[in-house]
Amino acid sequence: MMSKVTNKKKLMKILLSVLIVFLIINIIWGLYVYFKYNPFQKSVEEHTKTVGHSYVCDGYTYSVKKPSYLSLTGNLAITPVLNLTTEGLRVGNDGITPFTGESIDVIIWPKLFGGYEIVVNISKYSGKINSNNENEYTILEFYVDENMNPIENLSSEKKKVYEANKNNLKDALKKINSVWNLNE
């Protein structure tokens, strides 16, 4: 009889310990997300005078994606507003037409102990509609530093696209820093 009571007490202690550890992990995660990502969210809200997770201002969409539950990785993003459907077709006054051109998206991952990891996605839309009724496009992706300079060796194609879009990237950096100021 005495050993059953002792075993129950041990089991209760173990369960209580696990529960306490789980609560501590959740509290630390919640505080991290709040203090790391709320300043980014508030900066965008002040800049665009809107509230939410995605904001449109000056022809760009600014978004703050907080980390998923118990993850430490969220991101910030800036993308041009192109009024495209999910198939890459432009929606305009003259109806839906294929879009030809490039779209530059910048995605920023704040690091746990400061600094950022930044990737640039340049989508090149051909204007040709494929058999799935989608606009054909290719995406070139490369990592950059806080000044939008590549931090990897670029292929000749990526280097050509980077050079052609260098001024657009610098403009995107100005917009990013006017909202989030990555250099602080």
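As the structure is a prediction and not an experimental result, all values here were calculated from the model.
Other residues, nucleotides and ligands contribute more than 12 heavy atoms inside 6.0 Å of the CG atom of Asn149. Applying the 6.0 Å contact sphere to NZ of Lys170 captures more than 12 heavy atoms from other residues, nucleotides or ligands.
Partners of Asn38 by side-chain hydrogen bond (donor to acceptor under 3.5 Å, both in side chains), not counting sequence neighbours, listed by chain and number: Lys66. Residues that satisfy the side-chain hydrogen bond (donor to acceptor under 3.5 Å, both in side chains) test with Asn168, not counting sequence neighbours, are Asn165. Remark: Tyr69 engages Trp29 in a ring pair (Phe, Tyr, Trp, His ring centres under 6.0 Å) (not counting sequence neighbours). Applying the side-chain hydrogen bond (donor to acceptor under 3.5 Å, both in side chains) rule to Ser68 yields the partners Lys65; only residues at least two apart in sequence or on another chain are considered. Partners of Asn121 according to the side chain to side chain contact (heavy atoms under 4.5 Å, CB included) rule, which considers only residues two or more places apart in sequence or in another chain, are Asp105, Ile107, Val119, Ile139, Glu141. Every residue was checked against the ring pair (Phe, Tyr, Trp, His ring centres under 6.0 Å) condition with Tyr60, not counting sequence neighbours, and none meets it. By the side chain to side chain contact (heavy atoms under 4.5 Å, CB included) test, Leu15 is found to be paired with Leu11, residues two or more places apart in sequence or in another chain being considered. Every residue two or more places apart in sequence or in another chain that forms a salt bridge (charged side-chain N to carboxylate O under 4.0 Å, His left out) with Lys166 is listed here: Glu163. Not a single ring pair (Phe, Tyr, Trp, His ring centres under 6.0 Å) links Trp109 to another residue, sequence neighbours left out. Not counting sequence neighbours, the partners of Ile27 by the side chain to side chain contact (heavy atoms under 4.5 Å, CB included) test are Leu31. With sequence neighbours excluded, the residues that form a side chain to side chain contact (heavy atoms under 4.5 Å, CB included) with Ile176 are Ile78, Val106, Ile108, Met148, Trp180, Leu182.
Put simply, CG on Leu19 and CD1 on Ile14 are 13.5 Å apart, with the number rounded to the nearest 0.5 Å. Distance NZ/Lys8 to NZ/Lys13: 15.5 Å, rounded to 0.5 Å. Here OG of Ser63 is found 7.5 Å from CG of Leu76. Values are rounded to the nearest 0.5 Å. Taken to the nearest 0.5 Å, the CG atom of Asn147 stands 8.5 Å off from the CG atom of Asn177. Note that the CG atom of Leu140 and the OG atom of Ser155 stand 7.0 Å from one another [nearest 0.5 Å]. The CD1 atom of Ile28 sits 11.0 Å away from the CG atom of Leu70 when rounded to the nearest 0.5 Å.
The two residues Pro110 and Lys36 come nearest to each other via the heavy atoms CB-CE, 3.8 Å. Nearest heavy-atom pair, Leu72 versus Tyr37, reported as atom, atom and distance to 0.1 Å: O-OH, 4.1 Å.
Residues in residues 138-176 take part in these ring pair (Phe, Tyr, Trp, His ring centres under 6.0 Å) pairs, two or more places apart or across chains: Phe142-Tyr162.
Within the 4.5 Å cutoff, no side-chain heavy atoms of Thr73 are placed close to those of Pro67.
Tyr34 and Val64 are not part of a single hydrophobic cluster, where members link through side-chain heavy atoms under 4.5 Å apart. In this structure, Ile25 is a member of the same hydrophobic cluster as Phe22, with clusters built from ILVMFWY side-chain heavy atoms closer than 4.5 Å.
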With side chain to side chain contact (heavy atoms under 4.5 Å, CB included) as the criterion, how do Glu152 and Val144 come out once you've worked through the C-alpha distance, each side chain's angles and the decisive distance to 0.1 Å? CA-CA 8 Å; Glu152 60 183 84; Val144 296; over 6 Å; no
